[in-house]
Amino acid sequence: MKLKEFVLLVLFLFIDQITKFIVSTNLNIYEPIVVIKNFFNITYAQNTGAAWSIFEGKTIVLTIVSFVVSCAMIYWLFKNKNETKIVRFSVLLMLSGAIGNFIDRLLLGYVIDFLDFYIFGYDFPIFNIADSLLCIGVGILLLSTFFEKEKING
């Protein structure tokens with residue numbers, strides 16, 4: 001892992017953990033703060049599962065999986081120093097998200113979620129910064145892979 005990447009990792013983890021701390025120490029569980037009516041609330045939730053609360057109550061398994069996946073991504077970052085910046089950045093985002101939620105599971109036994117959106121009347125599952133980092137990282141990786149294949153095939 002390069003120094004710039006390590007600094008970004010620490011920054012992303014800080015943002016994730018400080019937002020979770022602020023929410024968990026200032027809000028009551030499931031009491032929303034309306035930011036944009038009928039679209040966005042800040043709502044403190046404790047998630048013992050994964051995305052959409054799947055595997056609810058499987059904190060030990062999810063903690064182990066998060067640890068193993070994080071170790072694999074760290075190993076990959078050290079072994080693939082010549083990979084493109086965009087691919088390395090996407091892995092760094094995913095790693096930041098995985099470690100952010102790992103910290104919660106390890107220390108609290110659940111993940112702190114608080115970003116609560118209603119999209120076209122659908123109450124989207126509450127999530128956090130770490131989840132966002134994971135999803136953005138996966139999206140960037142998929143797009144970069146797609147466009148790389150387009151260059152090769154095009």
Side-chain angles (χ1 to χ4, degrees), residues 1-27 29-30 40-117 119 122-153:
M1 181 182 302
K2 299 173 182 176
L3 180 59
K4 286 181 188 178
E5 293 168 340
F6 180 75
V7 169
L8 281 174
L9 174 68
V10 170
L11 175 65
F12 292 148
L13 287 173
F14 176 77
I15 292 168
D16 175 62
Q17 292 298 301
I18 196 70
T19 55
K20 290 174 179 176
F21 175 77
I22 291 167
V23 165
S24 66
T25 57
N26 290 290
L27 298 179
I29 194 147
Y30 294 112
F40 174 55
N41 296 335
I42 296 175
T43 306
Y44 173 36
Q46 298 173 349
N47 184 356
T48 62
W52 284 272
S53 294
I54 59 173
F55 306 116
E56 190 164 348
K58 306 289 187 209
T59 303
I60 293 172
V61 173
L62 292 169
T63 303
I64 293 167
V65 169
S66 294
F67 178 76
V68 169
V69 169
S70 296
C71 288
M73 285 188 277
I74 291 168
Y75 176 79
W76 186 92
L77 285 167
F78 277 105
K79 290 296 278 186
N80 294 283
K81 292 185 190 246
N82 295 325
E83 186 58 69
T84 64
K85 287 181 181 182
I86 193 79
V87 170
R88 291 183 63 80
F89 183 67
S90 66
V91 173
L92 181 71
L93 288 171
M94 292 185 288
L95 175 62
S96 300
I99 292 174
N101 285 338
F102 169 76
I103 290 168
D104 286 10
R105 287 188 182 102
L106 186 67
L107 298 179
L108 305 171
Y110 55 85
V111 171
I112 296 171
D113 289 330
F114 58 92
L115 300 171
D116 188 8
F117 285 89
I119 301 171
Y122 174 69
D123 185 7
F124 197 80
I126 303 171
F127 60 100
N128 60 41
I129 302 295
D131 298 332
S132 300
L133 293 168
L134 275 163
C135 291
I136 293 167
V138 168
I140 291 171
L141 184 61
L142 289 172
L143 286 172
S144 68
T145 302
F146 173 77
F147 285 115
E148 186 61 32
K149 286 185 179 183
E150 286 295 312
K151 268 200 282 187
I152 293 169
N153 296 329

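The residues of the chain are indexed from 1 along the displayed sequence. Heavy-atom basis, side chains included; hydrogens, waters and symmetry copies ignored.
The CD1 atom of Ile129 lies 12.0 Å from the CG atom of Leu13; values are rounded to the nearest 0.5 Å. Taking CD1 of Ile112 as the start and CD1 of Ile22 as the end, the distance is 11.5 Å to the nearest 0.5 Å. Interatomic distance, Asp113 CG to Ile42 CD1, rounded to the nearest 0.5 Å: 13.0 Å. One finds the CE atom of Met1 at 10.0 Å from the CG atom of Leu8 (value rounded to the nearest 0.5 Å).
Side chain of Gln46 to backbone of Val111: no donor-acceptor contact under 3.5 angstrom is found. With hydrogens and angles ignored, the 3.5 Å screen pairs no side-chain donor or acceptor of Ser144 with any backbone N or O of Ile86. Here the side chain of Asp131 pairs no donor or acceptor atom with the backbone of Phe127 at under 3.5 angstrom.
Residues in residues 84-93 take part in these side chain to side chain donor-acceptor pair (under 3.5 Å) pairs, two or more places apart or across chains: Glu5-Arg88. Among residue pairs with one or both ends in residues 8-27, none qualify as ring pair (Phe, Tyr, Trp, His ring centres under 6.0 Å); sequence neighbours excluded. Under the salt bridge (Lys or Arg N to Asp or Glu O under 4.0 Å) criterion, no residue pair touches residues 63-72, with sequence neighbours excluded.
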Listed pairs under 3.5 Å, donor-acceptor, residues 91-99 side chains, sequence neighbours left out:
residue : atom : partner : partner atom : Å
Ser96   : OG   : Leu92   : O            : 2.9

Exercise answer: donor-acceptor pairs, residues 66-82 side-chain atoms, under 3.5 Å, sequence neighbours excluded:
residue : atom : partner : partner atom : Å
Ser66   : OG   : Leu62   : O            : 2.9
Ser66   : OG   : Arg105  : NH1          : 3.2
Ser70   : OG   : Ser66   : O            : 2.8
Asn80   : ND2  : Trp76   : O            : 2.9

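By the 6.0 Å contact criterion, CD1 on Ile60 is open, its count of non-hydrogen atoms from other residues, nucleotides or ligands being 12 or less.
Side chain to side chain, Asn128 and Asn101 meet the donor-acceptor criterion of an N or O pair below 3.5 Å.
In terms of the salt bridge (charged side-chain N to carboxylate O under 4.0 Å, His left out) criterion, residue partners of Asp104 (sequence neighbours excluded) are, by chain and number, Lys20. The side-chain contact (heavy atoms from CB on, under 4.5 Å) check on Leu143 picks up Phe147, with sequence neighbours excluded. Qualifying ring pair (Phe, Tyr, Trp, His ring centres under 6.0 Å) partners for Tyr44, counting only residues two or more places apart in sequence or in other chains: none. Evaluation of the side-chain hydrogen bond (donor to acceptor under 3.5 Å, both in side chains) rule for Asp116 yields Thr43 as partners, not counting sequence neighbours.
Contact detail for Ala130 and Asp16: the closest heavy-atom pair is N-OD1, 3.0 Å.
A 4.5 Å side-chain heavy-atom check between Ile126 and Leu115 finds every atom pair outside the cut-off. Side-chain contact between Ile140 and Phe89: present, with at least one pair of heavy atoms (C-beta onward) separated by less than 4.5 Å. Taking the side chain as every heavy atom from C-beta outward, Phe114 and Leu27 never approach each other to under 4.5 Å.
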